[in-house]
Structures are given as structure tokens and as C-alpha cells.
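Written below as C-alpha cells is the structure these notes are about.
The chains referred to below are lettered A, B, ... by the order of the sequence lines, with proteins before strands, and numbering in each begins at 1.
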2 protein chains.
Amino acid sequence: VVSAQEREGCKSLYAVQAERQEQAERSVLISCHTRTNEKKFLKYLSMHGDINKYFFYESYGMYAVVEFANRESLASLFEEAAIPIVSHESMVPFKSRLLSLRNLGSADPPNQQSGQRCQSQTTIPINELIQRLSKEGSIDQQMTSLTDVYQLTEENSRLRFLVCSLLKDIAAAYFPECTIKPFGSSVNGFGKLGCDLDMFLDLDGISGRNAKMPKSGFLLEYQMKQTNSERAVTQSILSVIGDCVDQFGPGCVGVQKILNARCPLVRFAHQPSGFQCDLTANNRVAMKSTELLYLYGELDPRVRHLVFTVRCWARAHAITSSIPGAWITNFSLTVMVLFFLQRRSPSVIPTLDHLRDLAGPADKSFIEGNDCTFVSDFGKIHLQSNPETLERLLCEFFEFYATFPFNKMSISIRQGKELNKPEVAPLHIQNPFETTLNVSKNVNATQLDRFVALCKESSWLLQQTETSKARGGNVEKAPAPWGLASLLVPLQVAVTKGRKK
Amino acid sequence: VVSAQEREGCKSLYAVQAERQEQAERSVLISCHTRTNEKKFLKYLSMHGDINKYFFYESYGMYAVVEFANRESLASLFEEAAIPIVSHESMVPFKSRLLSLRNLGSADPPNQQSGQRCQSQTTIPINELIQRLSKEGSIDQQMTSLTDVYQLTEENSRLRFLVCSLLKDIAAAYFPECTIKPFGSSVNGFGKLGCDLDMFLDLDGISGRNAKMPKSGFLLEYQMKQTNSERAVTQSILSVIGDCVDQFGPGCVGVQKILNARCPLVRFAHQPSGFQCDLTANNRVAMKSTELLYLYGELDPRVRHLVFTVRCWARAHAITSSIPGAWITNFSLTVMVLFFLQRRSPSVIPTLDHLRDLAGPADKSFIEGNDCTFVSDFGKIHLQSNPETLERLLCEFFEFYATFPFNKMSISIRQGKELNKPEVAPLHIQNPFETTLNVSKNVNATQLDRFVALCKESSWLLQQTETSKARGGNVEKAPAPWGLASLLVPLQVAVTKGRKK
Ligand SMILES: Nc1nc2c(ncn2[C@@H]2O[C@H](COP(=O)(O)OP(=O)(O)OP(=O)(O)O)[C@@H](O)[C@H]2O)c(=O)[nH]1
Ligand SMILES: Nc1nc2c(ncn2[C@@H]2O[C@H](COP(=O)(O)OP(=O)(O)OP(=O)(O)O)[C@@H](O)[C@H]2O)c(=O)[nH]1
Ligand SMILES: [Mg+2]
Ligand SMILES: [Mg+2]
């Protein structure tokens, strides 16, 4: 049993979010020239107050994120900021925390080393990853290395919270007490550099909702526009915010209002960060799923390594895709990994029902009639001690789903066991919080078959390389892909598959 | 010559506007029950601070405008205000200064005289007006009486500024430094109770436009959405504000975005005030016209009496209309009255060119290449002493336009004389500030002919009644319409006209 102390460092997602959110409120995003001198840049900005943290990155140009120690510094900065003068164009005079820095007069000579170190906000291409992994000494090392390369950096996480905060400024114009929170892979611990930014407009903080009703005398109420459903309110709000982003939001392009979806959303690209953004509202269950995934990822490091590996493998073979369709989503795939880890013996992670049973009174959460309660205090969770290596788990994962009775059984991380399928669908994964729903009801038989076939192939391939793994630690350039690396080569798996047929 | 001292009390339109605007910022609009006890109401609201002024009025229900002495009182009021709880409906949680007061528990018994005196925000019907005027002793008295009945009350003016201020809150969400100013008949001194509310979004106050450009070092600029014209910016801003008003604005209904008009605008009805509202942006010339009309109206009381009389007469005979078409507008009609007064000998009011010549350096104003300069200091204007009575002026007005050479000549209040028509149009009235434009280019020959015929008829009718005016001072009920009153009876004029043909 792993003791609570070993996981002491874990912060709850709420605590992490609150801290990052607060940092973002004190930050600005500045577009600057590639040859901006870092020292001069800092000196210039420091006139407005102490800087806690800053970094440069590249995304269609050079940008800097600057976090001041105090919010007052922003006000001071804005006092100095000008509205750009352009000769042939007009502009919408909406002021935001996205600024441009112009170098006037004598710039530093180009030969001088005046530029700044620049963070990358994207991952390396798959072939580079394959090369890098091939140099590792073991499959376990390959899996941790893949996670290291793919996971969000601290800077990228800060940038995500900053984009939420910039969008919050737009929403707060009408709903001053609102917040915009990232959810999904941006914060659940399973996000890959470059993943989309899912955001959630939270209006629950609006005061005056539960005003005490006096017994007599007067009661003063705000007059408000009425609609016939909460959904209509959400659509209305997202529609206006979508228009604002489209018409006023600097750097926001390709705004689409998808208001008739089950969960209405506004989609747009935020050019200065390079993020594809999805803004939803009133989406509390998704926030709970995010918290749950985060918790599972924090319980045991193997969870994240396995999820990152399986996600990467699935993407390399077009099992998942960045466009919607009949394929398996990253979310479904993650739930499948979690389910697999629950089914090990002893189990690597507990069931959701178990986490619910550990919950204290403060953890109680019911959203639209669904019980979303589970324990928030990591210390209360006692794990069984499963000693399996990452390599073993990866092998077993492929084996598990290569032979899973998808035709009859449903996957439930709530109960941690196969259930009888309640409905006809090629793949049935019970939604953890809305248990009558199927998370993967979009998946068709062809896509499921491809997944199963790839699991079989990959399981077989891994067993093949198992014998040759002693050659690890090879530091020569471009060693042949082996182990996990060989599983990521699209052609190799395809060829093998052809051969076996 | 009328001395400057006699007009000392006159405030410039800017001063009047600034004061009303500031009052509006400290005011709230509260929907309440008809039987709300005035004393208790005041006691309840006074808990939040001193009240400078308040009044009740009726418009699809009972409302109160309450002006606090300090803005802090509003914050205190809002702290107590609740979000309404309705069982079957949802609402957009946008908070504004439009509130509802609910009477809880024991209301005052209905037989008790607990209600409050209630201001009317509309004029009396035309037949009532005719009756009332018929009781006056002279045509001069009839004309001043008509002005008294029709002109905006102080309360109505306050309500107009309050509606502008409520709308400003919506626009200020994105453009904190903006103002929304009423223009047109709401403030030019010629507005009739019930006239539309023309508003103008002023973004010129936005700081950072003329930032000093350092010679070297850094310049920080806001990143802003670019468009290819000022017009596109205006359309973009009005489009978003239109959506906000439509989706969030309590009491705002029938929102139309008319963005492809020469002057893009958002039109909507504000139910709590009963005002039909037109919001434009970037419309500085119209603001200047408003100032000019206001100035003319303040120079000599006869200006307003004659304009009110002519406007009322024109409306009674459907020479003007509340819907747009080929008819003469109130604005054109007003310019025609001003021109007539300039043409008297000695003139009642000076020409616009004269007002421009009197302008000081601070009065210089060029808008989009148009010289909109004219004197702002009323004291500098010395009028000729024209002694004509209102009756005389009214008679002469009809005579003047009954015989005006519309086919060849154009009306110019800038030069105060007929000009040769620069283009073919039945009616040509030079736009005072954009002198190449025709204010009445919408008017067709039929409408002009109707106007001229009615001028003839009315001139003739007035001469008929001139003899019988000694019978004035008749206080019996329902005396027969005479003088101005008879000019307002649609049938009478038509019949007379038939007889003469
Ligand atoms: N209940 C439920 N939640 C979902 C479903 N799809 C997505 N979500 C939730 O919405 C979040 C964001 O969705 P996605 O952007 O598709 O997935 P993601 O986890 O962010 O992974 P990426 O592919 O990296 O973006 C997920 O993390 C889930 O919490 C679903 O089908 N059912
Ligand atoms: N230059 C110019 N200004 C106009 C014209 N029409 C209207 N305006 C301006 O816009 C203002 C508002 O227009 P309206 O609402 O049509 O007229 P109004 O003077 O407010 O009179 P009401 O009929 O009582 O509303 C006017 O007072 C003028 O200042 C026009 O054709 N040319
Ligand atoms: Mg996502
Ligand atoms: Mg008007």
C-alpha cells in the first residue's frame, strides 16, 4: 500500500487552477520583434513594477508573457500604451492585455547576440520522437521520455491560463463576476503540447441569486431578459461573446458559433498563442470529469505515462484524429486506459465508486441530477501495491483490448468492471457521471475493428522486440526504431499487419 | 437690438448636456406597483443615501426615476438587489440600472390614498389640443400654449438622458471611455413629448490616440482588430452593441440593425421609457446641427413657438409622418422655418455664415472636411429688433412658402437667402454643414405640392379668422375651433380647399 505521505506534494486541481488563474490576471501578452534585446525589454517593463516571471516564445512571430507582481503595474503599463496609427486601415478601439512592442530608432546591430531564448509551444514531429526514443535504454525509459517530450510545459500552461483570462475580460464586460476556466486536457494532466484549449464560462459566482427574501416591506430585483430555458440563456450569452470575439478580439480568427450542439460552444483560433479554442458555458459535468482524470493521473505516475503513450500511439495510426468523426476520441481512449488499470490485479487505481465512498461531506456534488461526488483529499486514498513495470502494462494494455468482448460488454470506470452492454453500439464506454450515456457512441464498427487489429499487432510487435531490448543505451546517431519507437512507425505496423494476414 | 444681457440665462447645449448626463449617471429606473406608497418608497431607498430628485410616471406600468446625490448610493442599492426567481423561466444574468420593486407582505389597503402623483410622458391627443387652444384669447397665446403642451418636460428630458446612460453602460463594457449623447429633437429644443430618442455613441474620448512617440527605445501599442474603413469599424461596433441590447438589454425589444444605411444605426424600442431609440456612431455632423438648432431656438422665443406650431400643423395634415418616405421631415421643416425667419426684414435670426464669422478660435470645428464652425458664446450675438407678433409670423410663413419659387431656388440657412438650385429635385434645402447635400432630397413633387397647397389654404384661413379673434377669452366648454385651432382640424382645411377649387 502506497502511503498518503508519498503523495503529499499533490495539489488538488482547484488549488492549481486558482493559483494559475490569479497569475494570469497579473499578466500581459506582448508581441515583439525577434531581435528585441532581453535586458532592455525587462528594464523598460520594470518601470511599471516588479516582474515575477516572464518568458518568450514563438508563434507566427515572437511573443512574451510577462507576469507582474502586482495588478497595479498593468494599469501603469496601459497608461503608457498607445492606439496604433496605421495609414490605410481603421481599427476597433477595444483595449485588451494583448500589446505590441515597437522598437524605435537604433535597434541593436544584427550581428550582436541580442535576441532572447525562445520557448517552443509545440511538440517535435513524430519522426524526431521516434529517433529520440530509439536511443533510450528501455521501454520504461521510452515511455517516461515520451511523456517528458509531449506534456505541457509550465510556460504552456501559463499561456493557456492567460488566454482564458484575456477571454474572461471580454465576458466580464457584461458579467463582472464570471470566471473562465480551462478544462479537458489543458489541465487534466494528459494534455500534449499543441492540444486544444477547452474553456468553460462560469456564471455561478454572480451575486444576488440567493438574496434573502424579507417577510414584508420591499424587495428590489434586477430586471432581466427572460428566456424559456437555461439552454437558451447559454446560447444567448455565447452568441454575444462569440460576436465580440469575432469583431473586437485582437488575434482571434475563424470564429464559429456552434450553438445548436448538445453542448453549445464558440470555436476560434487565438493566433498569438496558436491555440484552437472551444468556449462552452454551463458545462459543470465536464469540469468534474477533468478533476477526476487529474486525480487519477496524480495517484500513480504510471497512469500518465501509459495514457501519453497510448494517446501518441493512437494518433500515429490515425485511430484518433484532430477532426471529429466516427473515431475514438482522446477522452474515450483515456477512460479505456483507466479502466485497464483498474482491472489489473492488484489494481493500479481504484474505481470511481470507491472514490465516491471515500468522499467527505464537502465533496458532495450533484449536477443536474447526476451524482458527481468523489473524494478530493488525496491522502484518504490508499492504493494496492501493484509492482508492474510500464513495459508490462503497455503490453498488457494491448493484450487486454485485443481480446476484450466489445460485442457484449461495456466499460465502466465507475464500477471498475465490465457491464452488460445496455444498448447496441460497437463500443460502449459508460459516461462516469452521466451513467446512462455512452462516451463513445460516435464510434462505428470499422473504427473499433481498426483499434482492435492495431492492439493485436502492437502486442505482437512488442513481444518481438522484447528479446532485443538488451541493446539499449545505444547512443549512435539514428539507431533503428525499437520497442515503443517501432510501435509509432505507421508503415512498420501496417507492413507487419499485411504479412500476418 | 436685443442686448446680450437679456439672453444671459442661456446655457450652451454642452453645459446642459454635461449636467443632465452627470445626473443620469447617478440615477436608477425602477418599475413599481401602482399602489406603491410614496413615503415608504422614499424611506426605503433613502437607506442607501440622499435622493436629489425623483418622479413617477406611467408607461406600460408604473415607473420611478430616482436620482441619488452620490454614485456610492447606487453601489449600496445594488448590493441589496436580488436576481429574480421565476419558476418556469430562465434569465440572462446581466445586471443594469433597471430594477423592479416588489411589495411584500401587507400592502396598503386599496381604499387608502397611497399612490403617487404620476407624470405623463405623452402629449394630449390632437382634438383635445384643438379644444384647449380654442379657449385662448389670441393666436399668439394659442402658439405659446401649443408649445407649452407639446414641449419636453424636465422629467421627460431626464428620462431621455437616463436611457442614454443605461445604454452607455452596455457600450462602456467594451469602450470604457465612451459616452452616449442624445441629439436631434430630444435636445435641440424642438422636441415634442413622444418624439424618438436619437443617440450617438462617442468614442473620441478613448485615450492613447495621440500618444507621444518617443524618438528611440520602445513604444507599446494595443493590438487591435483592423478593418478597411472607419465605416466598417462603426458597423462592427454597432453590430455587437445591437446584439447585446437584443440579447441582454432588459426592456429593449424589436432590435433592428440597419448597418448598410448611409449612417449605420441600431433601432429598438425601450419599453420602460416608451421611447423609440436610434443609436448611431461617429455622427458628429448631426451633433453640430443639433447644437445649431438649439442655438437658434434660444436666441428668440418666437423661433421655438413658430417651429412647434408649424411642426404640429404639418403633422395634423400628414405633411410629416412617423414613418420614412417621400414626405418632408421635421428636420427639413425646421430648417424652412429658420430660413423664413432669416428672410424677415429686419431678420429675426442671423445667418449661419454670420454665426461662423462671430466664432472664436475655440469654436473652430472641421468634421470630415466640412466647416462646422459657429459661435458658441450667445453673448456675442446681437440681433436686429424685429417686432413682429407670432400671429403675423405664422401668417407670413404660410404666405412665404405658398409663393416660394421652389422650381428654381434652393433654401440656404447658411447664407440666409435663396440660391439657384444646383440639382434637379422638387425641394432643395441646403444641408447647413455639408453644403453640397440636399436635406430634403427624399421629397417628391406630390408631397411638395401638398405642402404648398396647405400653406395657401392655411394662409387664407388665418386671414378669415383674423376678424373674429376679438371673441377670444371664451371660457365656455367646447368653443368652436378658431385661429390656430381651426388650422389643425384636418377636415376643415380639406373642405375649405375643396370649396376654393
Ligand atoms: N461526459 C463526456 N465528457 C466529454 C466527452 N467528450 C469530451 N468530454 C469532456 O470534455 C473535455 C474536453 O474534450 P476534448 O477536447 O474532446 O478532449 P480532451 O480531454 O481535452 O483531449 P484533447 O483531444 O487533447 O483535446 C474532456 O476532457 C472531457 O472532460 C464525452 O463524450 N462525454
Ligand atoms: N445633415 C442632415 N442631418 C439630418 C438629416 N436628417 C436628420 N438629421 C439630423 O439628425 C437629427 C435626428 O433626426 P430625426 O430624428 O429624423 O429628426 P429630429 O430633429 O430628431 O426630429 P423628430 O422628427 O422629432 O425625431 C436631426 O435633428 C438632424 O440633426 C438630414 O437629412 N441631413
Ligand atoms: Mg481538449
Ligand atoms: Mg429624432
Segment of B/Ile237 engaging chain A (4.5 angstrom heavy-atom cut-off): both
From B/Leu220 atom CG to A/Leu77 atom CG, the distance as rounded to the nearest 0.5 Å: 5.0 Å
Choice from A/Arg97, A/Met224, A/Arg231 maximising heavy atom contacts with chain B below 4.5 Å: A/Met224
Under 3.5 Å: donor-acceptor pair, side chain of A/Tyr222, backbone of B/Phe78: yes
Full working for side chain to side chain contact (heavy atoms under 4.5 Å, CB included) between A/Glu221 and B/Ile83: CA-CA 6 Å; A/Glu221 289 176 338; B/Ile83 290 184; over 6 Å; no
Interface moiety of B/Phe175 toward chain A, non-hydrogen atoms closer than 4.5 Å: side chain
Donor-acceptor contact present, side-chain B/Tyr174 to main-chain A/Cys244, <3.5 Å: no
Per-residue contact mode, A/Val245 against chain B (heavy atom under 4.5 angstrom): backbone
Partner chain B: residue of A/Asp246, A/Leu98, A/Asp243 with the largest heavy-atom pair count (under 4.5 Å): A/Leu98
When B/Ala232, B/Gly249, B/Ser239, B/Cys178 are compared by non-hydrogen pairs under 4.5 Å with chain A, the top option: B/Gly249
Stepwise side-chain hydrogen bond (donor to acceptor under 3.5 Å, both in side chains) check, A/Gln247 with B/Ser236: CA-CA 6 Å; A/Gln247 309 277 342; B/Ser236 183; 2.5 Å; yes
A/Lys95 with B/Glu177: basic N within carboxylate O range, under 4.0 Å: yes
Test item: A/Lys225 side-chain N/O and B/Cys252 main-chain N/O as donor-acceptor pair under 3.5 Å: yes
Heavy-atom proximity to chain B below 4.5 Å, by part of A/Phe248: both
Partner chain B: residue of A/Leu45, A/Asp169, A/Ile30, A/Ile170 with the largest heavy-atom pair count (under 4.5 Å): A/Ile170
Aromatic ring pairing A/Tyr44/B/Phe218, orientation class (parallel under 30°, perpendicular over 60°, tilted between): tilted
Any donor-acceptor N or O pair under 3.5 Å, side chains B/Ser100, A/Gln223: yes
Which portion of A/Leu29 sits near chain B, non-hydrogen atoms under 4.5 angstrom: neither
Nearest heavy atoms of A/Glu230 and B/Ser90, plus distance in Å: N-OG, 3.1 Å
